[in-house]
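The next block holds one structure in the form of structure tokens; read it before the comments.
Below, chain A is the first sequence line, B the second, and so on; all start at residue 1.
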Amino acid sequence: MIDPKLFRNNLNEVAANLARRGFALDKEKIENLEADRKSVQVKTEELQNQTKTLSKQIGELKAKGEDAQPVFDKVAELKKQREEAEHQLKEIQEQLTEIHLTTPNVIDESVPDGNDENDNVEIRKWGTPREFDFPVRDHIELGEMENGLDFSASAKLTGSRFVVMRNRMARLHRALIQFMLDVHGQEHGYQEVYVPYMVNRDSLLGTGQLPKFEEDLFAIKGSTQDNRPLYLIPTAEVPVTNLVRDEILEEKSLPLKFVAHTPCFRSEAGSYGKDVKGLIRQHQFEKVELVQIVEPENSMAALDELTGHAENILKLLGLPFRTVILCSGDITFGATKTYDLEVWLPGQQAYREISSCSNLGDFQARRMQARYRKDKKPTLVHTLNGSGLAVGRTLVALVENYQTAEGKIAIPEVLQPYLGGINEL
RNA sequence: GGUGAGAUGGCUGAGCGGUUGAAAGCGCACGCCUGGAAAGCGUGUAUACGUUAAUAGCGUAUCGAGGGUUCGAAUCCCUCUCUCACCGCCA
């Protein structure tokens, strides 16, 4: 969430910033609620103070064996008034909290204006798409060969947007995961973590998926005793970032850099016509995720670094890609700045998203109360995350870019150690 | 799944209805002492929110979470979560 103080002191600037996203902030409502909050809160606390003071007097009088009845009467008079004020305050605060939790983050000045993905700005490009001297197969065709991707099996087992992988596809997929974890863990300095694939509501509130995007999540009924469901994670960002929820970290422990491999589960509500075939958009997919917890002044540099780490995987695999900065209309809810990596897919003759790297600023940290001690004072950290990379899409890119005329897949050198040294599958 | 015991500040641990945001010890910070250090002595040491120019004062809330009883709750009642121990089952 945005600093609530900004709503009080800089409402117009916040509204103008959010308007760049196409988000209309209800300024009048906020102003009214804030004005009410202020007067009611002051009144409530004043009444609480009086009650507390009088109650203490009763204690003193009783200890001395004196008559406390007059004070009793006084406090009884206050009670109704106090409870009314408390109730009123609670309602106002609930409304404000609702606004705070559903308002997106403010965006960085360097984010370009725009309405949708068409207005994203390419900032660099790496590699050259390969020229093929034979008819190019897309990953679905390549998957059908050697029974690698079996969508009818997964449809039988579960439904659409799932996959069964076999043989070379399953092996390549697994090798990619190991490779990515090793590069980030051994070369980029991330601590490898293994985390739960189900999380509670507090975690999802912390990273911002809730309360606004419940329809994108899979909830597991009956998964806790008090009837609140757990949720399947839509990304490792949720469990990994929440590692620092409600923590006060030591300054010298920062930056924290985590890498985790997890499956991700997304309902893909509202994407009915999109990418219906193939591996691009699945309800369940694997991802290697990078998360950094940093001091505020370092977060923009950390974003560049983290993006570079994700890019490095593509470079090591020899997959052509471009890096775009998301425009104000395309950037996600909690991000203040985001770079997308788009990999070249010969089967589609297009660059497609394979990683999204974001600086969330203090947006998640404030929701999570994730802080560090800066000159003895608890200060909100900044959080970042990025895919390093989406494994399913990397598999698509790999097989399409490295296919041979015979429908074999050449194995990039860096991946060979993970496949017993072979150079073709 | 069963039975029992718990959950208090950075840690250990007291308190079980009244000036308790919370004893004591440890740790940590600063000061005194010292040639320097240790020991000793002294002082201080949670977080959020509000008010405010203020990380100064002052106020409110917080003793696993939520609800309740009460003039007043860390202390009593209810629900839930988690932890530990033993038994059962199990990858």
Rounded to whole Å, please give me the gap between [atom1] in [X] and [atom2] in [N].
| X | N | atom1 | atom2 | result |
| --- | --- | --- | --- | --- |
| A/Asn200 | B/rC80 | CG | C1' | 13 Å |
| A/Gln41 | B/rU52 | CD | C1' | 14 Å |
| A/Asp202 | B/rG66 | CG | C1' | 12 Å |
| A/Lys43 | B/rU60 | NZ | P | 17 Å |
| A/Arg245 | B/rC82 | CZ | P | 14 Å |
| A/Lys52 | B/rG59 | NZ | P | 8 Å |

Among [options], which is the nearest nucleotide to the side chain of [X]?
| X | options | result |
| --- | --- | --- |
| A/Arg373 | B/rG50, B/rA46, B/rA61 | B/rA46 |
| A/Pro378 | B/rU51, B/rU60, B/rA48 | B/rA48 |
| A/Lys90 | B/rC49, B/rG67, B/rU47 | B/rG67 |

Expected output: side-chain A/Glu286 to main-chain A/Gly392 donor-acceptor under 3.5 Å =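 Flag not set: sc A/Glu286 to bb A/Gly392 has no pair under 3.5 Å.
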
Do any N or O atoms from the side chain of A/Thr241 and from the backbone of A/Glu237 form a donor-acceptor pair under 3.5 angstrom?
->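 Checking the backbone N and O of A/Glu237 against the side chain of A/Thr241, a donor-acceptor pair under 3.5 Å is found.
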
Sidechain N-carboxylate O distance under 4.0 Å for [X], [Y]:
| X | Y | result |
| --- | --- | --- |
| A/Glu214 | A/Arg201 | yes |
| A/Glu251 | A/Lys374 | yes |
| A/Lys212 | A/Glu98 | no |
| A/Asp216 | A/Arg266 | no |

Output the residues of residues 362-371 of chain A in contact with RNA chain B, where contact means a heavy atom of the residue under 4.0 Å from an atom of the strand; sort by number or write none.
->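 Per residue number, the list reads A/Gln369, A/Arg371.
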
So which nucleotide does [N] pair with, by the Watson-Crick or G-U wobble rule with both distances under 3.5 Å?
| N | answer |
| --- | --- |
| B/rU62 | B/rA46 |
| B/rA5 | B/rU83 |
| B/rU52 | none |
| B/rU69 | none |
| B/rG88 | none |
| B/rU34 | none |
| B/rA23 | none |
| B/rA14 | none |

Does a donor on one side chain and an acceptor on the other come within less than 3.5 Å for A/Gln292 and A/Thr383?
->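 No.
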
Do you see a donor-acceptor pair shorter than 3.5 Å between the side chains of A/Asn200 and A/Ser203?
->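 Short answer, yes.
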
In the 5'-to-3' direction, what one-character label does each nucleotide of nucleotides 71-79 of chain B receive under the scheme B = base within less than 4.0 Å of a protein heavy atom, S = sugar-phosphate only, - = no such atom?
-> BS-------

Measure up the A/His283 and A/Phe162 rings against each other and bin them: parallel (under 30°), tilted (30 to 60°), perpendicular (over 60°).
->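 Ring orientation, 0 to 90° scale: tilted.
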
Ring geometry between A/Tyr190 and A/His188 (parallel below 30°, tilted from 30 to 60°, perpendicular above 60°) |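 Rings of A/His188 and A/Tyr190: perpendicular, as their planes differ by over 60°.
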
Using heavy atoms to find the nearest nucleotide of RNA chain B for A/Lys377 and A/Gln48 separately, return the residue whose nucleotide is more 5′.
->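 Comparing both residues, the 5'-ward one is A/Lys377.
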
Starting at the 5' end of RNA chain B and moving along, which residue's nearest nucleotide shows up first, A/Arg37 or A/Thr53?
->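 Nearest nucleotide further toward 5': that of A/Arg37.
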
Respond yes when some side-chain nitrogen or oxygen of A/Arg201 is under 4.0 Å from OP1 or OP2 of B/rA65, and no when none is.
->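 No.
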
